[in-house]
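Before any comments, here is the structure.
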Amino acid sequence: MTSPRVAIIMGSRSDWAAMRAAETALESLDIPCESRVISAHRTPDRLTAFIAGAEERGIEVIIAGAGGAAHLAGVTAAHTLLPVLGVPIDSSPLNGLDALLATVQMPGGIPVATFGVGESGAKNAALFAAAILARSDPGIREKLAKYREAQSAAVPERPA
Ligand code: RP5
């Protein structure tokens, strides 16, 4: 089995409804990935163990989705030099605005690249991860270019 190059982590199984879009996008580009439920506050030891082994296992980018007081991406970024892409999830009574602000408003020094709330953010985080890998992997660059071409070709010229 090919080792995963991108890790998709999420604070709860309930985040999977949105975060599976990241896995789908990566799979469509043949980028090996893994998806795991890891909560910064409910499973802190699991998070520590995951981060400690990530780089050594060949992970190059981490996508972290969480809702509410979303600190998963920030805590992960604090413990690794790998790029961390944060996806705010609209799982709270505040519809993701809380997660968006928590993820995007990192104090200077520890960056988290923050994407849109929910499924489209998860999809774009995956495509951004692909763009990062494409810088040193011509095969992924070609697949990304083809993905864009197919996307453009699927847009009709007229609405009806
Ligand atoms: C966050 O709390 C998770 O990322 C999730 O978005 C939210 C709610 O989790 P559950 O109560 O559905 O497990 O930590």
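For ligands, and for the atoms within them, numbers begin at 1 and follow the listed sequence.
Nearest heavy atoms, S91 versus G68: OG-N, 4.1 Å.
Residues passing the side-chain hydrogen bond (donor to acceptor under 3.5 Å, both in side chains) test with S92, sequence neighbours excluded: D98.
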What verdict does the side-chain contact (heavy atoms from CB on, under 4.5 Å) test give for I62 and F50, after you've listed the backbone C-alpha separation in whole Å, the side-chain angles of each residue and the deciding distance to 0.1 Å?
CA-CA 11 Å; I62 298 172; F50 162 77; 4.0 Å; yes
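Using a 4.0 Å cut-off between charged side-chain N and carboxylate O, R20 and E119 make no salt bridge.
Distance check: L47 CG to R36 CZ gives 9.5 Å after rounding to the nearest 0.5 Å.
Protein residues with a heavy atom under 4.0 Å from ligand 1 are G11, S12, S14, D15, H41, R42, A66, G67, S91.
In this structure, T114 contributes its side chain and T103 its backbone to a donor-acceptor pair below 3.5 Å.
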